[in-house]
Every structure is written in structure tokens, then in C-alpha cells.
2 protein chains.
Amino acid sequence: MLIEIDFSSDEAIYQQLCNQIILGIATSRLSDGEVLPSVRQMADEIGINMHTVNKAYTILRQEGFVKVDRRRGAFISVTERNRERALNIVEKDMRIILAQARCRGLTKQDMLMLVDRIYDEYDGEN
Amino acid sequence: MLIEIDFSSDEAIYQQLCNQIILGIATSRLSDGEVLPSVRQMADEIGINMHTVNKAYTILRQEGFVKVDRRRGAFISVTERNRERALNIVEKDMRIILAQARCRGLTKQDMLMLVDRIYDEYDGEN
DNA sequence: CCACCTGTTATAACATAAATATAACAGGTG
DNA sequence: CACCTGTTATATTTATGTTATAACAGGTGG
């Protein structure tokens, strides 16, 4: 999967990398079991340091999106199936986004439509 | 409005302050035109430096949530009514949240219900 | 005019985090 | 044994967040 980093962004590189891989999984450009490039290879491709990639992989592992096998390296493995815990994790960020949306004059219908559209986009790429 | 800062959080203090004020506006604990404590007063109340508060106020002003009058100080003023621009701002963050949600096994219905519930909470506090 | 309150700006110092660089180690593969 | 994994360690540079002290412009009320 093509990774594109915005070096002028205020978002940390390892964070951008995490987000893009998560987006990749959601849109099925990365499928379960698929092997990620090694930390050194990914670092070379993007043009960043090995440790920055390693940090992203470590976080993805802790968050339950990636597993590591000494033989194969890092590969996609989404294991979480605890619905309540997943909801709690998502809820805090969602509250902030919806607060911003409401302050900017967007209605509940606006947001429901946005969620509907994005989710269909993700599902549609299967 | 009561502001509570988590000093052990990995989120920057000025960022937490921005988020809480935006949440305050969305839940109508802060109403349009309401005056915010001065940068020095707010800093004293929370126990942080004046410049950290000033940074938060400056960002809120740039984002269009606050205006500044030399006489009164900073006050709530949500001026944005450009729906398209507002949607674009929200969409990027929403994509990342929904990607995480989908990876964690949450369905579109789960997210629609979450949005519905939070938005009702915000509207209900009027 | 004068003290007092606003936000704003400037400058410096310090702490923390991000990113890079170099190196080494344990374990699996061919 | 050479070569690839991830992982760990250490040091350095850079950027950001936070604090500190000070001053300035402008408005308010005595």
C-alpha cells in the first residue's frame, strides 16, 4: 500500500503512519494477514528513520491492529471483538468532533449523512 | 464554566483547554456572547501559565469560536455559517475515527446510534 | 491624570517529545 | 554462515509545549 507523509503537517510522522495503515485496513487495501514492509524497508521507501516506523508498528500492535511474528515480521491482525470497549475508545474522540460540528452550525442530520457516506465508501471497496 | 485539566494526559494543556471550551459551546454551558475569564484569571484558576491560555484563545479565535474586544476581553462568538467549509473541516477527522471503528468491528449502525445519542445529549442541554 | 484591567508581543529558559544516527542483540531462514 | 526479521540501547539534534519576566497599546473608572 502506498504511504504518503506530509512533512509540513503538524501531525507527527508516526501518527500519520498509524492513521494511514488503519485507513488502509478499513478500506480493505490492507487485508487480514497481509504482511507489512519491514521497519527498515518502510523507512527507506518513505525516507524516514527506522525508529519512527518502529514506533508506529509498536503502537499498532498495542492497539490490536497488527501482530508480529519473528519469522514473517509485522502483519495485519485485527483481533478486537469487545464491542463495549471499542465503543468507549471511539466515543471520546467522537464527542469532540461532534462538538466542533455543532458549533459550526452542522446539524445531526448533516453528521448522520456524513457517517453514512464515509462508511459506505469503506464497505464499498471490498 | 468549570475547566478541568488532566496534567498526566499526553494531550497538550492548550489543546485540552480548546476542546473543553468547544464542548462547552456545543452543550450550551457557554452561550453566544458570554465572556471568558481573562488569560491571567483563567491561568490562575487552573494553575498554569498565562501564555498557555493565550495560545488556546488565539487558536479558538482563528477557528472562529471566539472574538476579542479590547474592552471586554475574549467572548464566545460562533460566526461560521459556511456549511461546505464546515463539512470539509470535520470530514478528515471523521474518516480516521470511522476507520478505527470499522477495524474494531463496529458497524455503521453502531456509529449512527452513537452520533444520534451524543447529538441528542448536546441538544438536550439547552 | 492615574491606577487598573484587557489582549498582545518579545525574549529567555526549561522540559518534554519527536526524529535521526549508530550500534548491537536474539531469533528465524536459506 | 550470511541475511533477514523485530527489539533494545544510547546519544544527539530538533521541534514543541510550558513557564517566567517584562513591557506595550488600548479601554475603564476613579
Side-chain angles (χ1 to χ4, degrees), chain A residues 1 3-22 30 33-79 96, chain B residues 1 3-22 30 33-79 96:
Chain A
M1 193 186 74
I3 301 287
E4 288 195 17
I5 300 297
D6 177 7
F7 290 99
S8 65
S9 169
D10 59 335
E11 205 178 12
I13 296 176
Y14 78 91
Q15 192 66 58
Q16 292 186 50
L17 192 48
C18 283
N19 285 339
Q20 292 213 24
I21 290 173
I22 291 172
L30 292 174
E34 190 167 341
V35 178
L36 291 171
S38 75
V39 288
R40 292 169 177 86
Q41 189 179 341
M42 175 76 88
D44 280 347
E45 285 175 12
I46 304 178
I48 61 177
N49 191 276
M50 178 196 71
H51 291 93
T52 306
V53 179
N54 190 255
K55 186 171 185 176
Y57 281 15
T58 300
I59 291 174
L60 289 171
R61 189 172 48 114
Q62 288 169 345
E63 299 275 336
F65 297 122
V66 158
K67 280 190 175 172
V68 167
D69 188 319
R70 262 263 137 79
R71 294 167 284 186
R72 293 189 292 164
F75 61 96
I76 306 297
S77 169
V78 185
T79 52
I96 297 173
Chain B
M1 193 186 75
I3 301 286
E4 288 194 16
I5 299 296
D6 178 7
F7 291 98
S8 65
S9 168
D10 59 334
E11 204 177 13
I13 297 176
Y14 78 92
Q15 192 64 58
Q16 291 185 52
L17 192 48
C18 283
N19 285 339
Q20 292 212 25
I21 290 174
I22 292 173
L30 290 173
E34 190 168 340
V35 179
L36 291 172
S38 75
V39 288
R40 292 170 177 83
Q41 189 179 339
M42 175 75 90
D44 280 348
E45 285 175 11
I46 304 178
I48 60 175
N49 190 274
M50 180 195 67
H51 291 93
T52 306
V53 179
N54 189 256
K55 187 170 184 174
Y57 282 16
T58 300
I59 291 175
L60 289 170
R61 189 173 47 112
Q62 288 169 345
E63 299 275 335
F65 296 122
V66 158
K67 279 190 177 175
V68 167
D69 187 318
R70 260 264 137 78
R71 293 166 286 185
R72 294 189 291 165
F75 61 96
I76 306 297
S77 169
V78 184
T79 53
I96 297 173

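In what follows, every chain begins at residue 1, and chains take the letters A, B, ... in the order their sequences are listed. Given the structure is predicted, the values throughout are model-derived calculations rather than measurements.
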**OP:** With DNA chain C as reference, determine whether B/Leu36 or A/Gly47 sits nearer its 5' end, using the nearest nucleotide of each.
**Re:** B/Leu36
**OP:** With DNA chain C as reference, determine whether A/Glu11 or B/Gly73 sits nearer its 5' end, using the nearest nucleotide of each.
**Re:** B/Gly73
**OP:** Under 4.0 Å from any heavy atom of chain A: name the first and the last nucleotide of DNA chain C that qualifies, 5' to 3'.
**Re:** C/dA18 to C/dT29
Original post:
Looking only at heavy atoms, what is the nearest atom pair of A/Met50 and A/Val39, with distance?
Top reply: CG-CG2, 3.9 Å
Subject >> OP1 or OP2 of D/dG17 under 4.0 Å from side-chain N/O of B/Lys55 >> reply: yes
Which residues pass the side chain to side chain contact (heavy atoms under 4.5 Å, CB included) test with [X], sequence neighbours left out?
| X | result |
| --- | --- |
| B/Ile13 | B/Ile5, B/Phe7, B/Ile48, B/Thr52 |
| A/Asp69 | A/Arg71, A/Arg72, A/Phe75 |
| A/Ala56 | A/Tyr14, A/Leu17, A/Cys18 |
| A/Asp6 | A/Ser8, A/Ser9, A/Gln16 |

**OP:** Looking at every strand, decide which applies to A/Arg72 at a 4.0 Å heavy-atom threshold: base, sugar-phosphate, or nothing.
**Re:** nothing
Subject >> Pairwise 5' ranking along DNA chain D for A/Arg71 and A/Asp10, keeping only the more 5' one >> reply: A/Arg71
Original post:
Starting at CD1 of A/Ile13 and ending at C1' of D/dT16, how long is that distance when rounded to a whole Å?
Top reply: 14 Å
Subject >> Interatomic distance where CD belongs to B/Gln15 and C1' belongs to D/dT16 [whole Å] >> reply: 13 Å
If the condition is side chain to side chain donor-acceptor pair (under 3.5 Å), which residues does [X] pass it with, not counting sequence neighbours?
| X | value |
| --- | --- |
| B/Asn19 | B/Glu11 |
| A/Glu34 | A/Ser31 |
| A/Asp44 | none |

Original post:
With Watson-Crick and G-U wobble geometry limited to distances under 3.5 Å, how should the secondary structure of DNA chain C be encoded in dot-bracket form, using | for bases paired to another strand and [ ] for crossing pairs?
Top reply: ||||||||||||||||||||||||||||||
